[in-house]
Number of protein chains: 2
Amino acid sequence: MPPRSYVSPGRSAAAAETRERVIAAASRTLREESIARFSLDTVAKAAGVTRLTVYNQFGSRRGLLEAVFDGIAQSGGLHRLAETMTMTDPRAALDRMVEIFCAFWSRDSAVGGLHAAMATDPEFAEAISERNERRRKLLTALIDRLADKSAPPRARKDAVDLIFALTSYPTFAALSPGRSKEEVCAVVQTACHAAVAPLQEPSR
Amino acid sequence: MPPRSYVSPGRSAAAAETRERVIAAASRTLREESIARFSLDTVAKAAGVTRLTVYNQFGSRRGLLEAVFDGIAQSGGLHRLAETMTMTDPRAALDRMVEIFCAFWSRDSAVGGLHAAMATDPEFAEAISERNERRRKLLTALIDRLADKSAPPRARKDAVDLIFALTSYPTFAALSPGRSKEEVCAVVQTACHAAVAPLQEPSR
DNA sequence: AATTAGATATACAATATGTATAATCAATTC
DNA sequence: GAATTGATTATACATATTGTATATCTAATT
(Lines give C-alpha, C1' and ligand atoms only; values in the text may rest on other atoms or scores of the structure.)
Protein backbone atom coordinates (compact mmCIF):
# COMPACT_ATOMS: atom_id res chain seq x y z
CA MET A 1 0.00 0.00 0.00
CA PRO A 2 1.97 2.98 -1.24
CA PRO A 3 1.17 6.19 0.62
CA ARG A 4 -0.59 8.66 -1.56
CA SER A 5 1.39 11.82 -2.19
CA TYR A 6 -0.09 15.19 -1.48
CA VAL A 7 0.71 18.31 -3.47
CA SER A 8 -1.13 20.58 -1.03
CA PRO A 9 -1.24 24.01 -2.63
CA GLY A 10 -3.00 25.71 0.24
CA ARG A 11 -1.06 23.91 2.92
CA SER A 12 2.42 24.60 1.58
CA ALA A 13 1.34 28.19 1.17
CA ALA A 14 0.48 28.33 4.85
CA ALA A 15 3.83 26.75 5.67
CA ALA A 16 5.61 29.31 3.54
CA GLU A 17 3.73 32.03 5.33
CA THR A 18 4.83 30.85 8.77
CA ARG A 19 8.32 30.47 7.38
CA GLU A 20 8.31 34.09 6.33
CA ARG A 21 6.93 35.07 9.71
CA VAL A 22 9.76 33.28 11.49
CA ILE A 23 12.35 34.91 9.24
CA ALA A 24 10.81 38.30 9.90
CA ALA A 25 10.84 37.68 13.64
CA ALA A 26 14.47 36.55 13.46
CA SER A 27 15.45 39.67 11.54
CA ARG A 28 13.63 41.83 14.04
CA THR A 29 15.39 40.11 16.93
CA LEU A 30 18.78 40.59 15.29
CA ARG A 31 17.93 44.23 14.69
CA GLU A 32 16.56 45.14 18.10
CA GLU A 33 18.38 42.80 20.45
CA SER A 34 22.00 41.82 20.19
CA ILE A 35 23.19 38.52 18.81
CA ALA A 36 23.80 37.42 22.38
CA ARG A 37 20.07 37.22 22.98
CA PHE A 38 19.31 35.58 19.68
CA SER A 39 17.94 32.23 20.78
CA LEU A 40 15.54 30.02 18.91
CA ASP A 41 13.19 30.28 21.86
CA THR A 42 13.08 34.08 21.62
CA VAL A 43 12.59 34.04 17.87
CA ALA A 44 9.88 31.39 18.03
CA LYS A 45 7.93 33.29 20.65
CA ALA A 46 8.29 36.51 18.67
CA ALA A 47 6.93 34.73 15.62
CA GLY A 48 4.09 33.18 17.57
CA VAL A 49 5.20 29.60 16.90
CA THR A 50 6.95 26.87 18.80
CA ARG A 51 10.65 26.31 18.87
CA LEU A 52 10.07 22.96 17.22
CA THR A 53 8.47 24.66 14.23
CA VAL A 54 11.70 26.54 13.69
CA TYR A 55 13.56 23.25 13.59
CA ASN A 56 10.98 21.83 11.17
CA GLN A 57 11.44 24.77 8.82
CA PHE A 58 15.14 25.50 9.06
CA GLY A 59 16.73 22.42 10.58
CA SER A 60 19.01 24.33 12.92
CA ARG A 61 20.01 27.70 14.22
CA ARG A 62 22.47 28.00 11.37
CA GLY A 63 19.78 27.21 8.83
CA LEU A 64 17.63 29.98 10.22
CA LEU A 65 20.49 32.46 10.06
CA GLU A 66 21.20 31.53 6.46
CA ALA A 67 17.55 32.01 5.61
CA VAL A 68 17.65 35.44 7.23
CA PHE A 69 20.71 36.36 5.20
CA ASP A 70 19.11 35.18 1.98
CA GLY A 71 16.01 37.18 2.76
CA ILE A 72 18.04 40.33 3.33
CA ALA A 73 20.12 39.71 0.23
CA GLN A 74 16.99 39.33 -1.86
CA SER A 75 15.35 42.54 -0.68
CA GLY A 76 18.60 44.42 -0.15
CA GLY A 77 19.16 45.55 -3.72
CA LEU A 78 22.16 43.35 -4.48
CA HIS A 79 20.51 42.32 -7.73
CA ARG A 80 21.39 45.78 -9.01
CA LEU A 81 25.00 44.69 -9.12
CA ALA A 82 24.25 43.11 -12.49
CA GLU A 83 23.67 46.49 -14.07
CA THR A 84 27.19 47.62 -13.21
CA MET A 85 28.46 45.12 -15.74
CA THR A 86 26.57 46.87 -18.51
CA MET A 87 27.85 50.33 -17.72
CA THR A 88 30.32 51.64 -20.28
CA ASP A 89 32.44 53.67 -17.88
CA PRO A 90 34.15 51.22 -15.48
CA ARG A 91 34.95 54.00 -13.02
CA ALA A 92 31.31 54.97 -12.80
CA ALA A 93 30.54 51.27 -12.42
CA LEU A 94 32.92 51.08 -9.46
CA ASP A 95 31.24 54.07 -7.83
CA ARG A 96 27.90 52.45 -8.40
CA MET A 97 29.09 49.20 -6.88
CA VAL A 98 30.24 50.97 -3.73
CA GLU A 99 26.93 52.77 -3.60
CA ILE A 100 25.00 49.51 -3.84
CA PHE A 101 26.98 47.94 -1.06
CA CYS A 102 26.65 50.93 1.25
CA ALA A 103 22.91 50.81 0.68
CA PHE A 104 22.93 47.08 1.34
CA TRP A 105 24.84 47.26 4.59
CA SER A 106 22.72 50.11 5.86
CA ARG A 107 19.35 48.82 4.69
CA ASP A 108 18.82 46.22 7.38
CA SER A 109 20.77 46.60 10.57
CA ALA A 110 20.32 42.87 11.14
CA VAL A 111 23.40 42.29 8.99
CA GLY A 112 25.47 43.40 11.96
CA GLY A 113 24.07 40.53 13.98
CA LEU A 114 24.66 38.16 11.09
CA HIS A 115 28.31 39.14 10.92
CA ALA A 116 28.55 38.59 14.63
CA ALA A 117 27.12 35.12 14.14
CA MET A 118 29.76 34.47 11.49
CA ALA A 119 32.41 35.05 14.10
CA THR A 120 31.14 32.29 16.34
CA ASP A 121 29.93 29.77 13.81
CA PRO A 122 32.69 28.91 11.31
CA GLU A 123 30.40 26.82 9.13
CA PHE A 124 27.89 29.63 8.91
CA ALA A 125 30.72 31.97 8.05
CA GLU A 126 31.75 29.70 5.21
CA ALA A 127 28.20 29.53 3.92
CA ILE A 128 28.04 33.31 3.79
CA SER A 129 31.49 33.56 2.27
CA GLU A 130 30.42 31.31 -0.57
CA ARG A 131 27.52 33.63 -1.25
CA ASN A 132 29.93 36.57 -1.27
CA GLU A 133 32.23 34.97 -3.80
CA ARG A 134 30.06 36.38 -6.56
CA ARG A 135 30.88 39.81 -5.26
CA ARG A 136 34.60 39.15 -5.62
CA LYS A 137 34.22 37.80 -9.16
CA LEU A 138 32.27 40.85 -10.20
CA LEU A 139 34.89 43.09 -8.70
CA THR A 140 37.69 41.21 -10.44
CA ALA A 141 35.98 41.59 -13.79
CA LEU A 142 35.47 45.27 -13.14
CA ILE A 143 39.11 45.83 -12.24
CA ASP A 144 40.23 44.00 -15.38
CA ARG A 145 38.09 46.30 -17.49
CA LEU A 146 39.40 49.31 -15.66
CA ALA A 147 43.12 48.55 -15.58
CA ASP A 148 45.66 49.42 -18.25
CA LYS A 149 47.09 46.54 -20.20
CA SER A 150 50.45 47.18 -18.65
CA ALA A 151 49.15 46.83 -15.12
CA PRO A 152 50.75 43.75 -13.56
CA PRO A 153 48.49 40.99 -12.15
CA ARG A 154 49.86 41.53 -8.69
CA ALA A 155 48.76 45.15 -8.67
CA ARG A 156 45.32 44.08 -9.89
CA LYS A 157 45.01 41.52 -7.14
CA ASP A 158 46.01 44.13 -4.58
CA ALA A 159 43.37 46.49 -5.88
CA VAL A 160 40.68 43.81 -5.87
CA ASP A 161 41.41 42.68 -2.33
CA LEU A 162 41.73 46.21 -1.02
CA ILE A 163 38.42 47.30 -2.52
CA PHE A 164 36.87 44.08 -1.31
CA ALA A 165 37.97 44.99 2.19
CA LEU A 166 36.86 48.60 1.80
CA THR A 167 33.37 47.57 0.70
CA SER A 168 33.00 44.95 3.40
CA TYR A 169 30.70 45.28 6.35
CA PRO A 170 33.41 45.85 8.98
CA THR A 171 34.69 48.90 7.11
CA PHE A 172 31.17 50.21 6.70
CA ALA A 173 30.49 49.69 10.39
CA ALA A 174 33.76 51.38 11.34
CA LEU A 175 32.96 54.50 9.31
CA SER A 176 29.28 54.71 10.22
CA PRO A 177 29.40 56.39 13.66
CA GLY A 178 28.94 60.11 13.06
CA ARG A 179 28.32 59.77 9.33
CA SER A 180 25.26 59.44 7.16
CA LYS A 181 25.03 56.56 4.73
CA GLU A 182 25.88 58.92 1.89
CA GLU A 183 28.92 60.31 3.67
CA VAL A 184 30.26 56.83 4.34
CA CYS A 185 29.70 56.02 0.69
CA ALA A 186 31.65 59.09 -0.41
CA VAL A 187 34.60 58.24 1.84
CA VAL A 188 34.73 54.67 0.57
CA GLN A 189 34.41 55.78 -3.05
CA THR A 190 37.35 58.14 -2.68
CA ALA A 191 39.43 55.40 -1.12
CA CYS A 192 38.52 53.06 -3.96
CA HIS A 193 39.53 55.66 -6.54
CA ALA A 194 42.91 55.82 -4.87
CA ALA A 195 43.14 52.04 -4.89
CA VAL A 196 42.69 51.82 -8.66
CA ALA A 197 44.73 54.92 -9.54
CA PRO A 198 48.06 53.03 -9.82
CA LEU A 199 46.44 50.68 -12.33
CA GLN A 200 45.66 53.59 -14.60
CA GLU A 201 48.86 55.61 -14.28
CA PRO A 202 51.55 52.96 -14.13
CA SER A 203 54.25 55.41 -15.18
CA ARG A 204 53.95 57.69 -12.20
CA MET B 1 39.53 39.57 66.79
CA PRO B 2 40.71 41.00 63.49
CA PRO B 3 42.06 38.36 61.13
CA ARG B 4 45.75 38.79 60.55
CA SER B 5 46.61 39.74 57.01
CA TYR B 6 49.01 37.69 55.00
CA VAL B 7 51.35 39.13 52.40
CA SER B 8 52.44 35.71 51.17
CA PRO B 9 55.31 36.32 48.78
CA GLY B 10 55.76 32.72 47.74
CA ARG B 11 52.08 31.95 47.62
CA SER B 12 51.03 34.87 45.43
CA ALA B 13 53.91 33.96 43.20
CA ALA B 14 52.49 30.49 42.79
CA ALA B 15 49.06 31.98 42.11
CA ALA B 16 50.54 34.28 39.48
CA GLU B 17 52.22 31.29 37.93
CA THR B 18 48.98 29.35 37.58
CA ARG B 19 47.34 32.51 36.31
CA GLU B 20 49.92 32.74 33.57
CA ARG B 21 49.46 29.07 32.80
CA VAL B 22 45.70 29.55 32.38
CA ILE B 23 46.23 32.57 30.13
CA ALA B 24 48.70 30.60 28.05
CA ALA B 25 46.27 27.71 27.76
CA ALA B 26 43.47 30.09 26.78
CA SER B 27 45.65 31.69 24.10
CA ARG B 28 46.60 28.29 22.79
CA THR B 29 42.96 27.24 22.65
CA LEU B 30 42.01 30.40 20.77
CA ARG B 31 44.87 29.80 18.38
CA GLU B 32 44.37 26.12 17.67
CA GLU B 33 40.64 25.63 18.12
CA SER B 34 38.01 28.05 17.05
CA ILE B 35 36.20 30.40 19.39
CA ALA B 36 33.24 28.04 19.21
CA ARG B 37 35.12 25.48 21.27
CA PHE B 38 36.50 28.00 23.70
CA SER B 39 34.89 26.90 26.93
CA LEU B 40 36.20 27.40 30.42
CA ASP B 41 36.19 23.66 30.84
CA THR B 42 38.46 23.15 27.84
CA VAL B 43 40.83 25.90 28.92
CA ALA B 44 40.97 24.66 32.50
CA LYS B 45 41.78 21.12 31.44
CA ALA B 46 44.43 22.38 29.03
CA ALA B 47 45.99 24.37 31.86
CA GLY B 48 45.82 21.42 34.23
CA VAL B 49 43.55 23.19 36.70
CA THR B 50 39.90 23.10 37.63
CA ARG B 51 37.24 25.27 36.08
CA LEU B 52 36.69 26.81 39.49
CA THR B 53 40.26 28.02 39.56
CA VAL B 54 39.59 29.98 36.41
CA TYR B 55 36.69 31.68 38.15
CA ASN B 56 38.85 32.38 41.17
CA GLN B 57 41.47 34.06 39.01
CA PHE B 58 39.41 35.85 36.38
CA GLY B 59 35.89 36.04 37.75
CA SER B 60 34.22 35.14 34.47
CA ARG B 61 34.73 34.11 30.91
CA ARG B 62 34.92 37.75 29.93
CA GLY B 63 37.58 38.40 32.55
CA LEU B 64 39.68 35.61 31.14
CA LEU B 65 39.34 36.95 27.59
CA GLU B 66 40.36 40.42 28.74
CA ALA B 67 43.38 38.94 30.47
CA VAL B 68 44.31 37.12 27.28
CA PHE B 69 44.03 40.35 25.31
CA ASP B 70 46.14 42.24 27.80
CA GLY B 71 48.75 39.52 27.66
CA ILE B 72 48.92 39.69 23.89
CA ALA B 73 48.96 43.48 23.92
CA GLN B 74 51.86 43.47 26.34
CA SER B 75 54.01 41.09 24.35
CA GLY B 76 52.73 42.20 20.96
CA GLY B 77 54.93 45.22 20.51
CA LEU B 78 52.25 47.88 20.83
CA HIS B 79 54.46 49.78 23.23
CA ARG B 80 56.54 50.74 20.23
CA LEU B 81 53.73 53.03 19.16
CA ALA B 82 55.16 55.60 21.55
CA GLU B 83 58.27 56.00 19.44
CA THR B 84 56.22 57.07 16.44
CA MET B 85 55.42 60.27 18.30
CA THR B 86 59.07 61.18 18.49
CA MET B 87 59.79 60.68 14.80
CA THR B 88 60.36 63.91 12.93
CA ASP B 89 58.85 62.81 9.63
CA PRO B 90 55.11 62.23 10.18
CA ARG B 91 54.81 60.20 6.98
CA ALA B 92 57.50 57.84 8.12
CA ALA B 93 55.73 57.70 11.46
CA LEU B 94 52.53 56.66 9.73
CA ASP B 95 54.34 53.90 7.87
CA ARG B 96 55.87 52.77 11.12
CA MET B 97 52.47 52.73 12.80
CA VAL B 98 51.02 50.52 10.08
CA GLU B 99 54.02 48.26 10.40
CA ILE B 100 53.57 47.93 14.14
CA PHE B 101 49.93 47.02 13.76
CA CYS B 102 50.54 44.47 11.03
CA ALA B 103 53.13 42.89 13.27
CA PHE B 104 50.68 42.97 16.15
CA TRP B 105 47.79 41.37 14.30
CA SER B 106 50.01 38.68 12.87
CA ARG B 107 52.04 37.96 15.98
CA ASP B 108 49.46 35.91 17.82
CA SER B 109 46.67 34.37 15.80
CA ALA B 110 44.59 34.26 18.97
CA VAL B 111 43.52 37.83 18.23
CA GLY B 112 41.21 36.41 15.59
CA GLY B 113 39.39 34.47 18.26
CA LEU B 114 39.29 37.53 20.48
CA HIS B 115 37.65 39.56 17.75
CA ALA B 116 35.15 36.77 17.32
CA ALA B 117 34.41 36.95 21.04
CA MET B 118 33.86 40.69 20.68
CA ALA B 119 31.06 39.98 18.26
CA THR B 120 29.11 37.89 20.73
CA ASP B 121 29.87 39.67 23.97
CA PRO B 122 29.03 43.39 23.70
CA GLU B 123 30.51 44.21 27.08
CA PHE B 124 33.76 42.51 26.18
CA ALA B 125 33.74 44.42 22.92
CA GLU B 126 33.41 47.67 24.81
CA ALA B 127 36.24 46.75 27.13
CA ILE B 128 38.51 46.14 24.15
CA SER B 129 37.30 49.28 22.40
CA GLU B 130 38.31 51.34 25.40
CA ARG B 131 41.78 49.86 25.18
CA ASN B 132 41.88 50.74 21.48
CA GLU B 133 40.93 54.36 22.06
CA ARG B 134 44.59 55.17 22.65
CA ARG B 135 45.25 53.98 19.13
CA ARG B 136 42.73 56.46 17.72
CA LYS B 137 44.16 59.34 19.75
CA LEU B 138 47.65 58.60 18.54
CA LEU B 139 46.43 58.46 14.98
CA THR B 140 44.57 61.75 15.35
CA ALA B 141 47.69 63.45 16.66
CA LEU B 142 49.70 62.04 13.80
CA ILE B 143 47.24 63.25 11.19
CA ASP B 144 47.23 66.71 12.71
CA ARG B 145 50.99 66.85 12.44
CA LEU B 146 50.86 65.60 8.89
CA ALA B 147 48.06 67.76 7.49
CA ASP B 148 48.40 71.20 5.96
CA LYS B 149 46.98 74.06 7.96
CA SER B 150 44.37 74.59 5.29
CA ALA B 151 43.07 71.03 5.55
CA PRO B 152 39.50 71.16 6.86
CA PRO B 153 38.60 69.22 10.02
CA ARG B 154 36.15 67.08 8.11
CA ALA B 155 38.86 65.83 5.78
CA ARG B 156 41.09 65.10 8.77
CA LYS B 157 38.37 63.12 10.45
CA ASP B 158 37.78 61.16 7.25
CA ALA B 159 41.47 60.34 7.02
CA VAL B 160 41.67 59.28 10.66
CA ASP B 161 38.65 57.00 10.45
CA LEU B 162 39.70 55.52 7.14
CA ILE B 163 43.21 54.73 8.35
CA PHE B 164 41.72 53.41 11.57
CA ALA B 165 39.63 51.01 9.51
CA LEU B 166 42.56 50.12 7.26
CA THR B 167 44.77 49.24 10.21
CA SER B 168 42.07 47.27 12.00
CA TYR B 169 42.08 43.53 12.36
CA PRO B 170 39.26 42.81 9.87
CA THR B 171 41.19 44.53 7.09
CA PHE B 172 44.35 42.69 8.02
CA ALA B 173 42.47 39.39 8.04
CA ALA B 174 40.85 40.17 4.70
CA LEU B 175 44.20 40.85 3.04
CA SER B 176 46.11 38.02 4.68
CA PRO B 177 45.11 35.02 2.53
CA GLY B 178 47.80 34.63 -0.10
CA ARG B 179 50.02 37.36 1.28
CA SER B 180 52.94 37.48 3.64
CA LYS B 181 52.80 39.80 6.62
CA GLU B 182 55.14 42.19 4.84
CA GLU B 183 53.04 42.21 1.68
CA VAL B 184 49.90 43.00 3.64
CA CYS B 185 51.78 45.78 5.36
CA ALA B 186 52.86 47.26 2.03
CA VAL B 187 49.32 47.22 0.65
CA VAL B 188 47.94 48.91 3.75
CA GLN B 189 50.72 51.48 3.76
CA THR B 190 50.01 52.45 0.16
CA ALA B 191 46.31 52.79 0.94
CA CYS B 192 47.13 54.99 3.93
CA HIS B 193 49.35 57.21 1.78
CA ALA B 194 46.40 57.72 -0.52
CA ALA B 195 44.18 58.49 2.44
CA VAL B 196 46.39 61.34 3.64
CA ALA B 197 47.31 62.69 0.19
CA PRO B 198 44.33 65.09 -0.03
CA LEU B 199 45.39 66.61 3.29
CA GLN B 200 48.73 67.56 1.80
CA GLU B 201 47.63 68.79 -1.62
CA PRO B 202 44.43 70.65 -0.86
CA SER B 203 44.55 72.64 -4.09
CA ARG B 204 44.25 69.69 -6.45
C1' DA C 1 50.56 24.50 65.96
C1' DA C 2 47.13 27.69 64.35
C1' DT C 3 45.94 30.38 60.51
C1' DT C 4 45.21 31.68 55.88
C1' DA C 5 45.05 32.06 50.67
C1' DG C 6 44.62 29.36 46.75
C1' DA C 7 42.92 25.34 44.73
C1' DT C 8 39.72 21.51 44.65
C1' DA C 9 35.39 18.57 45.08
C1' DT C 10 30.71 18.44 44.71
C1' DA C 11 26.38 20.20 43.97
C1' DC C 12 23.01 23.13 42.04
C1' DA C 13 20.57 26.58 38.95
C1' DA C 14 19.77 28.58 34.53
C1' DT C 15 19.99 28.73 29.64
C1' DA C 16 20.81 26.87 25.00
C1' DT C 17 20.92 23.59 21.11
C1' DG C 18 19.36 19.50 19.33
C1' DT C 19 16.70 14.96 19.12
C1' DA C 20 12.75 11.74 19.79
C1' DT C 21 7.92 10.43 20.17
C1' DA C 22 3.25 10.98 20.34
C1' DA C 23 -0.72 14.03 19.80
C1' DT C 24 -3.41 17.73 17.50
C1' DC C 25 -5.53 20.01 13.61
C1' DA C 26 -6.69 21.56 9.25
C1' DA C 27 -6.18 20.59 4.34
C1' DT C 28 -6.62 17.10 0.86
C1' DT C 29 -8.09 12.81 -1.33
C1' DC C 30 -11.12 9.03 -1.99
C1' DG D 1 -18.49 12.40 4.80
C1' DA D 2 -14.47 9.47 6.24
C1' DA D 3 -9.75 8.41 5.94
C1' DT D 4 -5.27 10.25 5.21
C1' DT D 5 -1.51 13.40 5.25
C1' DG D 6 1.62 17.39 6.26
C1' DA D 7 2.54 21.00 9.41
C1' DT D 8 2.46 22.16 13.90
C1' DT D 9 2.36 21.30 18.77
C1' DA D 10 3.16 19.11 23.45
C1' DT D 11 6.17 16.77 26.21
C1' DA D 12 10.24 14.71 27.35
C1' DC D 13 15.05 13.91 27.22
C1' DA D 14 20.18 14.44 26.37
C1' DT D 15 24.05 17.44 26.29
C1' DA D 16 26.87 21.50 26.89
C1' DT D 17 27.88 25.85 28.94
C1' DT D 18 28.07 29.76 32.26
C1' DG D 19 27.75 30.99 36.83
C1' DT D 20 27.01 30.42 42.01
C1' DA D 21 27.30 28.17 46.63
C1' DT D 22 29.42 25.41 50.20
C1' DA D 23 32.59 22.63 52.25
C1' DT D 24 37.18 20.47 52.02
C1' DC D 25 42.05 20.08 51.13
C1' DT D 26 46.82 21.67 50.88
C1' DA D 27 50.73 24.19 51.40
C1' DA D 28 52.65 28.60 52.80
C1' DT D 29 52.91 31.84 56.65
C1' DT D 30 52.76 33.42 61.34
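The sequence lines fix the lettering, A, B, ..., with proteins before strands; numbering per chain opens at 1.
- Counting only distance, with no hydrogens or angles, the side chain of A:Thr190 and the backbone of A:Ala186 share a donor-acceptor pair below 3.5 Å.
- Once rounded to the nearest 0.5 Å, the distance linking CG of A:Leu94 with OG1 of A:Thr84 reads 9.5 Å.
- Figure legend: B:Arg136 and B:Phe164 shown as a cation-pi pair, the cationic atom lying under 6.0 angstrom from the six-membered ring centre and within 45 degrees of its axis.
- Here the side chains of B:Asp158 and A:Arg179 are in contact, with some heavy-atom distance below 4.5 Å.
- Put simply, the side chain of B:Val160 does not reach to within 4.5 Å of the side chain of B:Leu142, judged on heavy atoms.
- Considering all non-hydrogen atoms of both residues, A:Leu78 and A:Phe101 come closest at CD2-CE2, 4.1 Å.
- Between the side chain of A:Arg61 and the backbone N or O of A:Phe38, at least one donor-acceptor pair lies under 3.5 Å.
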**Worked check of salt bridge (charged side-chain N to carboxylate O under 4.0 Å, His left out) between B:Arg21 and B:Glu17** = CA-CA 6 Å; B:Arg21 210 169 52 209; B:Glu17 198 259 341; 3.7 Å; yes

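- Of all the residues in residues 26-33 of chain B, not one reaches under 4.0 Å from DNA chain D with any non-hydrogen atom.
- Once rounded to the nearest 0.5 Å, the distance linking CG of B:Leu138 with CG of B:Asn132 reads 12.0 Å.
- When rounded to the nearest whole Å, the span between CG of A:Asn56 and C1' of C:dG18 equals 13 Å.
- Take A:Arg80 and apply the side chain to side chain donor-acceptor pair (under 3.5 Å) test, not counting sequence neighbours, and it matches no residue.
- Using a 4.0 Å cutoff on non-hydrogen atoms, no part of residues 110-119 of chain A comes near DNA chain C.
- Distance CD (A:Glu17) to P (C:dA27): 13 Å, rounded to an integer number of Å.
- Contacts with DNA chain C (heavy atom under 4.0 Å) in residues 37-50 of chain A: A:Phe38, A:Ser39, A:Leu40, listed by number.
- Partners of B:Tyr169 under the ring-ring contact (aromatic ring centres under 6.0 Å, His included) rule, at least two apart in sequence or in another chain, are B:Trp105, B:His115.
- With contacts defined as side-chain heavy-atom distances shorter than 4.5 Å, the pair A:Phe172/A:Val188 does not qualify.
- At least one side-chain nitrogen or oxygen of B:Thr18 sits closer than 4.0 Å to the OP1 or OP2 atom of C:dA7.
- For B:Arg61 and C:dA14, the CZ to C1' distance is 16 Å, given to the nearest whole Å.
- The CD-P distance, from B:Gln57 to C:dA5, rounds to 14 Å in whole Å.
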**Message:** Using a 4.0 Å heavy-atom cut-off to protein, can you give one letter per nucleotide of nucleotides 19-25 of chain C, 5' to 3': B if the base is in contact, S if only the sugar-phosphate is, - if neither?
**Reply:** BB-----

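- Within the 3.5 Å criterion, the main-chain N or O of A:Leu52 finds no donor-acceptor partner in the side chain of A:Thr50.
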